[in-house]
Structures are given as structure tokens and as C-alpha cells.
Amino acid sequence: MADEQDRDTFQHSSAADVTPPPADAAFTPAAPLKDAGVDFTPESNATEATSAGTLADAKQSVLDQVSKGREQAADKARNYADEGKARAADALTQLSQLLTDAAGQVDEKLGEQYGQYARSAADRVQGFSSAIEDKSIDDLVADARELVRKSPAIAVGVAAGLGFVAARLIGAGLDQRDV
């Protein structure tokens, strides 16, 4: 409705309705931008060197942060490995003690010869536990790499055995949780 009113009241203009500026009016064109103090030339070499320096500083800062993050991750991994080494050594010591305690019972039930096997096994487990406690993580990793390099079949067999044991333990834990 408002559109209809606007159309009805709109007056059309003609060329006579437009009044030109007076003839004596002075017309001054605007000054070109090149004369207005605006520089459209590329940045100077000093500015490029400054931004290149800033870029190099930013790159170095990022590299420093990445290096710092790697060091922190390596420290955490080393701490976890040290804790795991201590737990493994404790578990082996307990296993050795268990074998030693069982050797007396084996002597009574099966004979002294079989008890000696249990004692021998306990001594070997205790020696292995002591070796783990005495070596650093780096030495243990180097020993493991050397073992894999010398006899990969044994390494694959040990990995498969550990995987089987881990699967059984996890499966037993899930079965107990369901009960």
C-alpha cells in the first residue's frame, strides 16, 4: 500500500528540472594519489630484513618449544621405564623366593634331585633380577636390541608368549568383572 502512495505522489523530473552549476564556478579536480604522500612502492629492504628476522625468530622459538616438549616426553618415558624396571625386579625377586620356598616341599614329595632343580631355577631368576636392578634403562634397551639382532626368532617367540600371557590375564580380568 505504501508503494502505491509513493508511486502516486512521485513526480517525474525532466532535463529542465536539473540545474547545472553556474558557469563561473571553479572546478578543481582532486589531487592524484601519487601526489598525496601515499607510497605504493614495495617495502624497502630494511623492512624485509626486519620481517625476515622476525620470521627466523618465530621459527627458532617453535623449534625451541618442540625440543623442550621432546625432552619432557623423554623424561616422563624414562621415569615410567624406571618404575617398570623396579616392579619387574621386585616381581622376579618374589618369584625367586617362591621357587626357593617350593624347593623344600619338592624335596619332601619328589626327592632331593628335583628340589635342586627348583633351587637352581630360583638362583637363575634371582640373578636375572639382580642384573635388571644393576643395569640402566639404556643398557637394557641396548641388550634387547642386540638379542633381537642376533636371534630374531627367539625375539618373535618371546613377544608371542608375552602377548598370549597378556591376553589371558586381560581375559581373566574381564571374566571376573562380569561375575
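Note that the structure is a prediction, hence the values are computed from the model and not measured.
- Every residue meeting the side chain to side chain contact (heavy atoms under 4.5 Å, CB included) condition with Ala122, not counting sequence neighbours, appears here in chain and number order: Ser96, Leu99, Thr100.
- Looking at residues two or more places apart in sequence or on another chain, you find no side-chain hydrogen bond (donor to acceptor under 3.5 Å, both in side chains) involving Tyr80.
- Annotation: side chain to side chain contact (heavy atoms under 4.5 Å, CB included) contacts of Ser120 (sequence neighbours excluded): Arg124.
- Judged as a salt bridge (charged side-chain N to carboxylate O under 4.0 Å, His left out), the pairs with a partner in residues 102-123 (not counting sequence neighbours) are, in order, Asp107-Arg119.
- Shown here are the salt bridge (Lys or Arg N to Asp or Glu O under 4.0 Å) partners of Asp143, two or more places apart in sequence or in another chain: Lys135.
- Checked against side chain to side chain contact (heavy atoms under 4.5 Å, CB included), Leu169 has the following partners two or more places apart in sequence or in another chain: Val165.
- With sequence neighbours excluded, the residues forming a side-chain hydrogen bond (donor to acceptor under 3.5 Å, both in side chains) with Glu146 are Arg149, listed by chain and number.
- Sorted by first then second residue, the salt bridge (charged side-chain N to carboxylate O under 4.0 Å, His left out) pairs that include residues 64-87, not counting sequence neighbours, are Arg78-Asp138.
- By the side-chain hydrogen bond (donor to acceptor under 3.5 Å, both in side chains) test, Asn79 pairs with no residue at all, sequence neighbours left out.
- Not counting sequence neighbours, the partners of Leu110 by the side chain to side chain contact (heavy atoms under 4.5 Å, CB included) test are Val106, Tyr114.
- Residues satisfying the side-chain hydrogen bond (donor to acceptor under 3.5 Å, both in side chains) test with Gln72, not counting sequence neighbours, are none.
- Counting side-chain heavy-atom gaps under 4.5 Å among Ile, Leu, Val, Met, Phe, Trp and Tyr, Val148 is found in no cluster with other residues.
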